[in-house]
Amino acid sequence: MAAAGGGRPVRPVAVVSFAQSKMMRREELRNDVEVLQPVIVDVFEKIGLSKDDMGFVCSGSCDYLVGAPFSFVQALDAVGAWPPMRESHVEMDGAFALYEAWTQLQEDDIDTALVFSFGRSSISELGRVLTLQLDPYYMAPLWPDPVALAALQARALIDAGTYGEADFAEVAARSRRDARNNPNAQVTGDKTAQELLGDDYVVAPLRRHALPPITDGATAIILAAGDRARDLCERPAWITGMDHRIETHALGARDLTISPTTRRAAVGAGLLPGGGEGSGTGGVSDDGVSVDVAELHAPFAPQELILRDALGLGDAVVVNPSGGALAANGVMVAGLVRIGEAASRIMDATAQTALAHATSGPCLQQNLVCALAAEPAGGRR
Amino acid sequence: MYGGVSEPVTMLATPIRIEYEFTAGLAQSRYLKGIAEGRFLGQRCPKCEKVYVPPRGSCPTDGVPTTDEVVLGNNGIVTTYCVVNVPFQGQSIEIPYICAQILLDGANIAFMGLIQEIPTAEIRMGMRVEAVWVDKKELGPTMASVKYFRPSGEPDAAYETFSEYL
């Protein structure tokens, strides 16, 4: 039996339904609640349940993105909050809300949970909004936007001799090609990496293709435990472990070329043997994660390479068949979508095992790893 | 003295400004376009059949889309009120004035409105009021199109008819 971060046995909990809006550059007419509403309807319709069947509801969103205080309360209009229900919210990507719901489900007194997240990145200056998550005394007043910070990270990779611009372009080219099969993707294409290298720099060494799009969208997932999951879904995507870890706020104190917290989260999720704290700085490590599919939340192309190395993913692992965050990067949404996409590969029987990763903060500061499988940890029970 | 610092830094100013483009949304856009035509438009929940105004496109009780549009009356009931006697910055109305919750005929939720053309001492729960609009040529998709509400002269509503909306 796999162990959770704290070494406890894991109650079998599975993703049984996943829905998302079509991700787009700009929702012209619909507000956040109206973007979310059909997604909530969809996620319930897929398994024939309603909000009255939910033991817990948890959402992820950001008031700075919406530009309104307590915007998550208004978002409950899309769910319906009567009679009173157990409800919570994180000011983070929905993947972290899913972690809270999964934790609640471990307590055995509820069997179902709805998790959702929403965000329209188009209505403000996203770069400035994301700058506000930085240290408010020394860093944020300088207004380094996320593209500039990701460029520093990319430059560090180049300086370390680990990867170069051609590698970044390969990631982008593959993501865009794969995204052609994703009806909800925003950025698709079949240009080769060589062709993409003709793009202009946005912030050197990042060219246009190494950046995520600005995305409006919403997504929702329903979790169910034990027999309830089997009743609701032919092939539930069982969560066999999940963990998330955070690195220091001080960017200058981090080695931006590696992601030790992703590594540790993978250990906590039971995907890697415990003990080691280090992370490989290149190539495939001997004890890499072995799964059929990995959905990595890498908003910038170089970050996928860092994550692959941290997890030790071999060439046999299919990475981001959805196109990943380079194809659609709804802020607060893209992490939960990674869990939904990874779970979908198990539900549609194209994979037996999967890994989903979500990040938050600048330069992969916070990392969540969710292990999924066609069978619950410890087999059927 | 520590490196020339004798006083601790206790405060620093870091100005922040972010601009947003507000999206009213489909439901509230319909409502505001109705206001520009001098009428109140609500939406009915297909499940509990409650009519919301202004509509938000969704029933907050049932969590289902409210697609059925309802034209509401120009008159309503003062469910509760407050007489404002306190001056504050940016106040545009002469004090004392009455701020009331108004339940429009046909609606299942009250909204806030200004009551004028009545001495403040005469306001009461259950009073029937009517909307007073700006001149037709000045109507626009803004709540400024409704100047205020005033007594309609109809008999007061019985408490039981609005007690659910307090």
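Proteins come first, then strands; the chains are lettered A, B, ... in the order of their sequence lines, and each starts at number 1. Side chains are part of it too, since the values below use all heavy atoms of this structure and drop only hydrogens, waters and symmetry mates.
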Checking Leu12(B) against chain A: side chain, backbone, both or neither under 4.5 Å from a heavy atom?
-> side chain
At their closest point, which heavy atom of Ile221(A) faces which heavy atom of Ile339(A), and how far apart are they?
-> CD1-CG2, 4.0 Å
Between chain A and chain B: donor-acceptor pairs at under 3.5 Å:
from: Arg26(A); atom 1: NH1; to: Glu21(B); atom 2: OE1; distance (Å): 3.4
from: Arg26(A); atom 1: NH2; to: Glu21(B); atom 2: OE1; distance (Å): 3.4
from: Leu29(A); atom 1: O; to: Leu26(B); atom 2: N; distance (Å): 3.4
from: Asn31(A); atom 1: ND2; to: Ala24(B); atom 2: O; distance (Å): 3.1
from: Glu34(A); atom 1: OE1; to: Leu26(B); atom 2: N; distance (Å): 2.6
from: Glu34(A); atom 1: OE2; to: Leu26(B); atom 2: N; distance (Å): 3.1
from: Glu34(A); atom 1: OE2; to: Ala27(B); atom 2: N; distance (Å): 2.8
from: Gln37(A); atom 1: OE1; to: Ser58(B); atom 2: OG; distance (Å): 2.7
from: Gln37(A); atom 1: NE2; to: Gly63(B); atom 2: O; distance (Å): 2.9
from: Lys51(A); atom 1: NZ; to: Thr61(B); atom 2: O; distance (Å): 3.1
from: Tyr64(A); atom 1: O; to: Tyr20(B); atom 2: OH; distance (Å): 2.2
from: Asp77(A); atom 1: O; to: Ser58(B); atom 2: OG; distance (Å): 2.3
from: Asp77(A); atom 1: OD1; to: Arg56(B); atom 2: NH2; distance (Å): 3.4
from: Asp77(A); atom 1: OD2; to: Arg56(B); atom 2: NE; distance (Å): 2.7
from: Asp77(A); atom 1: OD2; to: Arg56(B); atom 2: NH2; distance (Å): 2.6
from: Ala81(A); atom 1: N; to: Pro60(B); atom 2: O; distance (Å): 2.9
from: Arg120(A); atom 1: NH1; to: Thr23(B); atom 2: OG1; distance (Å): 2.9
from: Arg120(A); atom 1: NH2; to: Thr23(B); atom 2: OG1; distance (Å): 3.1
from: Ile123(A); atom 1: O; to: Glu21(B); atom 2: N; distance (Å): 2.7
from: Glu125(A); atom 1: OE2; to: Glu19(B); atom 2: N; distance (Å): 3.2
from: Arg128(A); atom 1: NE; to: Arg17(B); atom 2: O; distance (Å): 3.2
from: Arg128(A); atom 1: NH2; to: Arg17(B); atom 2: O; distance (Å): 3.4

Check: Val132(B) and Val146(B) side chains under 4.5 Å, non-hydrogen atoms | no
Proximal component of Val79(A), with respect to chain B [non-hydrogen, under 4.5 Å] | backbone
Engaged part of Ala24(B) at the chain A interface, taking heavy atoms whose separation is under 4.5 Å = backbone
Which atoms of Val35(A) approach chain B - backbone, side chain, both or neither, heavy atom under 4.5 Å = neither
Write down the atom of Ile35(B), the atom of Gly140(B), and the distance for their closest heavy-atom approach.
-> CG2-O, 3.7 Å
Does the side chain of Leu98(A) reach to within under 4.5 Å of the side chain of Leu336(A), using non-hydrogen atoms?
-> yes
Heavy-atom nearest pair, Ala218(A) first then Phe118(A), reads CB-CB, 3.9 Å
Minimum-distance pair of heavy atoms, taken over all atoms of Ala19(A) and Thr219(A) | O-OG1, 2.8 Å
Side chains of Leu105(A) and Leu223(A): does their closest heavy-atom pair fall under 4.5 Å?
-> yes
Residues that Pro136(A) engages under side-chain contact (heavy atoms from CB on, under 4.5 Å), provided they are two or more places apart = none
Mind ranking Leu132(A), Ile40(A), Val33(A) by heavy-atom pairs under 4.5 Å with chain B and telling me who comes out on top?
-> Leu132(A)
Would you indicate whether Met112(B), at its atom CE, is surrounded by more than 12 heavy atoms from other residues, nucleotides or ligands within a distance under 6.0 Å?
-> no
Part of Leu126(A) lying under 4.5 Å from any heavy atom of chain B = neither
